[in-house]
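Values in this document were obtained by computation on a predicted structure and should not be read as measured data. All chains are named by letter (A, B, ...) in the order of the sequence lines, taking the proteins before the strands, and each is independently numbered beginning at 1.
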Amino acid sequence: MEAPVLKTHGCGTLRAEHAGQSVTLAGWVHRRRDHGQLIFIDLRDRDGLVQVVVRPNEQPDAYAAANDVRGEYVLRIVGSVVERSEATRNPNLATGDVEVIARSVEVLNEAKTPPFSVIEDDDVNELVRMQYRYIDLRRSSMLEALELRHRLNQYIRDFMTGREFLEVETPILVAATPEGARDYVVPSRLTPGAFYALPQAPQQFKQLLMVAGVERYFQIARCFRDEDLRADRQPEFVQLDLEWSFCEEEDILNLLEELFAGAAATLRPDLTVPRPFPRLSWHEAMERFGSDKPDLRYGLELSDCSDIAEASSFGVFSSAVAGGGRVRGIVMPGGASLSRREVDAFTNLAKTMGAPGLVSLQFSAEPSDATEDDVRSPVLRHVGIDDARRIGERCGAASGDLVLLAAGESGMVSTVLDGIRRELARRLDLVDDSVMQFGFVTDFPLVEWDEDGRRWDALHHPFTAPQSEDAALLDSEPGNVRARAYDAICNGFELGSGSIRIHERDLQMQVFELLGIGAAEAQQRFGHMLNAFEYGAPPHGGFAFGIDRVAMLLAGTENIREVIAFPKTMSASDPMTGAPMPIADEQLDELHLRINPPANGQLR
RNA sequence: GGCCCCGUGGUGUAGCGGCCUAACACGCCACCCUGUCAAGGUGGAGACCGGCGGUUCGAAUCCGCUCGGGGUCGCCA
C-alpha cells in the first residue's frame, strides 16, 4: 500500500526484517496494558495489530500522552521497530516477533467507550450492531467479510473479463413491472403522477444488449425487491448478471461451474468443492428432496407412498390422495428410540409449515417382518400392520428407524418434508461444513397455475424459452411444458437462476398470450422487446446469481447480513440512518403526492 | 397476512410471584504496579428489569395490548 502522509507502515505488516527502522504508525487503540512505569498499546489498523511500547524515562511526553489514551482512540506513533527478546515474543500475533518503541504518541482523536466490544466476538444484539455499524465493522470478522466480498467481486470481474464478457451498466430508474416481485417505486417530479421502479433485475436491458450485438455482457448489478425479508434475503441485493448470445444451456452451466469452483478454490481453499457439479431435473429434485434447492451434502431422500395410501382404510391417507394430493415420507435412521414428545416436536415443526400433522411409525424390527408389537405409531390401528410394513419397506426404513409421513396437497407435502429433512440433517449431524456442494437444477416448468389469479404464471419470467420438444403442448397442456431454465444451488440455498430466452417475436407473443397478456397489452408494456426481436435478435441466454449469498456461503455463515456492510432489518429499515423516513411536505408537494394513512392511522 | 422466539446496568447472561432497594462475567472509572500481550492487584460507579394497562396484600417474574429485534410459512415472475 502506498503510504499516506500520516503513516509509513501498516501496523500488521511489521516483521523482524523491519527491525532497526524508524516507522510512523497510525491506527486505533485495540488494547492498552498499563504496568505503571511501562505501557503497552496494541495499535490496530486494517493490516492488523502491533505492540507499541511506551516508557517514561526515555520519552516523557510520549508516556504522558499514552497515560491518557483509552480504547479506540486514534493515534499516530513515531518509533523504532525492535526485535523482541526470545522470552517476550508472541507467537499468536503475526507481528509478535517485533514491537515498536514509541518516541512520540500523538492523539489524532479521542473516542467514547464503544457500545460493544470491538475485540470480543460477542453475540451482540444485532439492532445495536446495526445502529453502530461503523464500530461493528471494526471487528475482525466483519472486516474479513468485507475483504472476502471484495475479492469475490474481483475474481468475478477477472473471470468474466477473461472470457470476453463486457461489463455494461444499466439504469436504476426503470419502468415498473406488475408481474413478479413488488417494485420499489420512485415518483417522477417532471411527470406528475408517474413513477419509476427500481430494477428487480436488469433482465430486459441485458436482452436488448444482445440485440445490440454485445454478445457477452455482465454486470455486478444492484437489484431491488419489495418483499418480506429472510435470513438470506434483503430488499436490495447484488447479482452477477450475465447474458450471452449464440449459447446454449451447456455453455452457461459450464461457465458457472468454472466460476463457482474457481472462486471457492481461490477464496476458500480449505473447503471441498465436489466436481462435476451434479445436475438434476426440477422433477427429480422435487421427488427426491421435496425442494428445488436441496442440500446435496446428505441423503435423507423422500419416498412416495401415495399408492399405498390411496387404498388405505385410514381416512387421512385415502382422502389425501383422493383429493389430488400425495402421501410421502422420510426416514430418520435410529429414530425409533425417540420419545413420543420428541416425535411430537417434528409434528409441531410440520404444522408451522402448513401440515395438519405428521404420521409417525417407529420400527423396532425390520419392516418386512414387523408385527404389531414392533411398530409404534399413534395411528397404527387405523393404518394397519400390513400397510405399515409396506410403508416402512417403501421408504427404505430399517429396524430402529422412524418414518415420518406427510399427507395432503403436493406442494405442502414437499414444503413440510423439505423442512423435516433439513431438521433431521441438523439433528443427525449430517451437515458437513467443510463442503460446498454446488449443483444445478434444470428443466423447470415454464408456467405454474396461480389458483388465486386463476391464470398461468411464468415460473421464471415471461422471456424464458420453452423446450422445443414441448412447444406443441403450449396450447393443450401448458403445465407440462418444460422451460429452458436452470438454477444454481449450493448447500440448500438457491444461488440464482437463468434461462435460454425467447428471441422470436411470434413465440414471445404466444407465451404472452398464455400468461394472459393480450396483444394490445403486450405491445404497450413490452413493445420495445417485441420491436427489438424484429431487428435481428440473436439466440441468447443468461444467468444471474446473488453475490451476497455466494459471499455468505464462502464466509461460512447462514445470515446474509454478515456479508453486507450496511444491511437492513427484517422490517427493511436501517436503524443507523433511520431510513425509511417521512419526507417534508414541500417534497411531497413538489412530487404531487399526498399521504393516504393506513387504516389503523399509524404513520411514522 | 399467519405462526414461533426474544427484549434485565455499556455488552453478554442469571433471576421466572415475596429471600431483588436485582446477581455474575466482561467492559468502564480511580489508585497501585517496568514485560505484558484475554496482563495483574485493590476499590468504585452503573439497570427499577422495552412501553402501557391489568391480576395480586405484593410482579423483572402471571395476563392483555403495544413497540422493537430475530426466525419461519405465505410471498420472493
Side-chain angles (χ1 to χ4, degrees), chain A residues 30-42 49-58 63 70-72 84-85 87-93 95-96 99 112-132 135 177-183 200-201 203 223-235 237 348-355 411-412 415-416 418-419 422-423 444-448 450 452-453 455-464 483 485 494 497 499 511 515 517 546 558-559 561 568-571 573 575 600 602 604:
Chain A
H30 195 64
R31 275 201 180 88
R32 174 176 169 278
R33 291 178 294 280
D34 185 346
H35 289 237
Q37 293 301 298
L38 171 69
I39 297 175
F40 296 104
I41 292 171
D42 289 341
L49 288 181
V50 71
Q51 172 165 282
V52 175
V53 184
V54 192
R55 294 200 180 87
N57 308 341
E58 297 148 37
Y63 180 79
R70 293 294 179 269
E72 300 307 309
R84 297 199 202 181
S85 70
T88 61
R89 290 190 181 179
N90 183 353
N92 301 320
L93 203 60
T95 60
E99 59 193 11
K112 288 169 43 170
T113 302
F116 50 87
S117 173
V118 176
I119 299 163
E120 253 63 61
D121 236 359
D122 280 346
D123 224 358
V124 179
N125 182 332
E126 239 191 299
L127 179 62
V128 181
R129 289 176 57 198
M130 285 172 66
Q131 276 165 342
Y132 297 92
I135 293 171
T177 54
E179 279 95 13
R182 208 172 282 118
D183 282 319
Q200 298 175 28
Q203 183 61 35
C223 305
F224 307 84
R225 292 178 191 174
D226 186 6
E227 296 292 343
D228 286 0
L229 288 77
R230 289 286 186 282
D232 65 346
R233 209 200 285 169
Q234 283 273 304
F237 57 101
N348 290 333
L349 175 63
K351 284 179 180 168
T352 68
M353 293 180 290
M412 177 276 288
T415 302
V416 166
D418 174 41
R422 288 167 191 259
E423 175 60 19
F444 276 76
L446 184 72
V447 292
E448 65 183 342
D450 173 15
D452 296 336
R455 63 193 186 90
W456 293 102
D457 256 349
L459 202 73
H460 186 48
H461 56 56
F463 311 110
T464 303
E494 178 195 327
S497 53
S499 62
V511 169
L515 299 173
I517 302 170
E558 300 215 325
N559 188 328
R561 287 177 240 109
K568 303 234 173 356
T569 66
M570 284 271 164
S571 54
S573 62
N600 64 11
Q602 288 213 353
R604 263 307 146 85

- Task: Figure out the CD/P separation between Q131(A) and G10(B), and round it to whole Å.
- Result: 13 Å
- H460(A) ring over A77(B) six-membered base ring, under 5.5 Å and 30°: no
- Item | Atom-to-atom span, CD of E423(A) to C1' of C73(B) - whole angstrom | 16 Å
- Task: Look at all strands and tell whether R33(A) reaches a base, only sugar-phosphate, or nothing, counting heavy atoms closer than 4.0 Å.
- Result: base
- Query: Checking side-chain hydrogen bond (donor to acceptor under 3.5 Å, both in side chains) against D42(A), which of H30(A), R31(A), R33(A) comes through?
  - Reply: R33(A)
- Query: Under 3.5 Å, is there an N or O donor on one side and an acceptor on the other linking the side chain of R225(A) and the base of C76(B)?
  - Reply: no
- Give N559(A) one of three labels, base, sugar-phosphate or nothing, depending on what nucleic acid heavy atoms sit under 4.0 Å from its own. sugar-phosphate
- For K568(A) and G68(B), give me the distance from atom NZ to atom P, rounded to whole Å. 17 Å
- Query: A60(B) and C49(B): how far apart are their P atoms, nearest whole angstrom?
  - Reply: 7 Å
- Item | Any side-chain heavy-atom pair of R84(A) and Q51(A) under 4.5 Å | yes
- Which of G69(B), G74(B), C37(B) is nearest the side chain of D228(A)? It is G74(B)
- Are any side-chain N or O atoms of Q200(A) and backbone N or O atoms of A181(A), one a donor and one an acceptor, separated by less than 3.5 Å? yes
- Item | Donor-acceptor pair (no angle test) under 3.5 Å: N125(A) side chain, U11(B) base | no
- Task: Identify whether a stacking contact exists between F116(A) and U11(B), where the ring centres must be under 5.5 Å apart and the planes under 30° apart.
- Result: no
- Message: Any donor-acceptor pair, under 3.5 Å, between the side chain of R89(A) and the base of C37(B), if you only look at N and O atoms?
- Response: no
- Message: Can you identify which nucleotide, out of U34(B), C73(B), U36(B), has its nearest atom closest to the R84(A) side chain?
- Response: U36(B)
- Task: Figure out the CG/C1' separation between L127(A) and U11(B), and round it to whole Å.
- Result: 14 Å
- Query: Contact class for N348(A) (heavy atom, under 4.0 Å): base, sugar-phosphate, or nothing?
  - Reply: nothing
- Message: When the C1' atoms of G27(B) and A47(B) are compared, how many Å lie between them, rounded to an integer?
- Response: 15 Å
- Message: Between C16(B) and U21(B), how many Å separate the two P atoms, rounded to a whole number?
- Response: 14 Å
- Query: Does any non-hydrogen side-chain atom of D232(A) lie less than 4.5 Å from one of E494(A)?
  - Reply: no
- In whole angstroms, how far is the C1' atom of C33(B) from the NE2 atom of H35(A)? 9 Å
- Look at the side chain of T113(A) and decide which nucleotide, out of G70(B), G27(B), U36(B), has an atom nearest to it. G27(B)
- Is T177(A) touching bases, backbone alone, or none of the nucleic acid, heavy atoms closer than 4.0 Å? nothing
- Task: State, with a plain yes or no, whether a side-chain heavy atom of V52(A) is found less than 4.5 Å away from one of F40(A).
- Result: no
- Task: Give N92(A) one of three labels, base, sugar-phosphate or nothing, depending on what nucleic acid heavy atoms sit under 4.0 Å from its own.
- Result: nothing
- Would you indicate what P462(A) reaches in the nucleic acid, counting non-hydrogen atoms under 4.0 angstrom: base, sugar-phosphate, or nothing? base
- Message: Nearest to the side chain of E227(A), heavy atoms from C-beta on, is which of G12(B), C76(B), C33(B)?
- Response: C76(B)
- Task: Give D123(A) one of three labels, base, sugar-phosphate or nothing, depending on what nucleic acid heavy atoms sit under 4.0 Å from its own.
- Result: sugar-phosphate
- Message: Roughly how many Å apart are U55(B) and A14(B), using the P atom of each and rounding to a whole number?
- Response: 31 Å
- Note on the structure: Of the listed G68(B), A30(B), C75(B), the closest approach to the R70(A) side chain comes from A30(B)
- Residue matched to A45(B) through Watson-Crick or wobble contacts both under 3.5 angstrom: none
- Message: Say we look at C28(B) and C5(B): how far apart would their C1' atoms be, to the nearest angstrom?
- Response: 32 Å
- Residue H461(A), side-chain heavy atoms: nucleotide from G1(B), A77(B), C76(B) that is nearest: A77(B)
- Task: Pick the P atom in A23(B) and in G18(B), then give their distance to the nearest Å.
- Result: 16 Å
- Task: Pick the C1' atom in A30(B) and in U61(B), then give their distance to the nearest Å.
- Result: 37 Å
- Message: Taking the C1' atom in each of C62(B) and G2(B), what is the distance between them to the nearest angstrom?
- Response: 26 Å
- Message: Taking any heavy-atom pair under 4.0 Å as a contact, classify R561(A): base, sugar-phosphate, or nothing.
- Response: sugar-phosphate
- Item | Pair assignment for C3(B), Watson-Crick or G-U wobble, requiring both distances under 3.5 Å | G71(B)
- What nucleic acid atoms does E99(A) come within less than 4.0 Å of, heavy atoms only: base, sugar-phosphate, or nothing? base
- Under 4.0 angstrom, heavy atoms only, what part of the nucleic acid is R182(A) near: base, sugar-phosphate, or nothing? nothing
- Message: Need one value for T569(A): base, sugar-phosphate or nothing, where a base atom within 4.0 Å counts as base even if backbone is also close, heavy atoms only.
- Response: sugar-phosphate
- Message: Looking at E558(A), I'd like to know if its CD atom is crowded, meaning that more than 12 non-hydrogen atoms belonging to other residues, nucleotides or ligands lie closer than 6.0 Å.
- Response: no
- Any strand is fair game: report the nucleotide pairing with A39(B) by Watson-Crick or G-U wobble, both distances under 3.5 Å, or none. none
- Would you indicate what R230(A) reaches in the nucleic acid, counting non-hydrogen atoms under 4.0 angstrom: base, sugar-phosphate, or nothing? base
- Which nucleotide sits closest to the side chain of Q37(A): U34(B), C76(B), U11(B)? U34(B)
- Task: Please state how far atom CD in E558(A) lies from atom C1' in U72(B), giving the value in whole angstrom units.
- Result: 14 Å
- Considering only NZ, NE, NH1 and NH2 on the basic side and carboxylate oxygens on the acidic side, decide whether R230(A) and D228(A) come within less than 4.0 Å. no
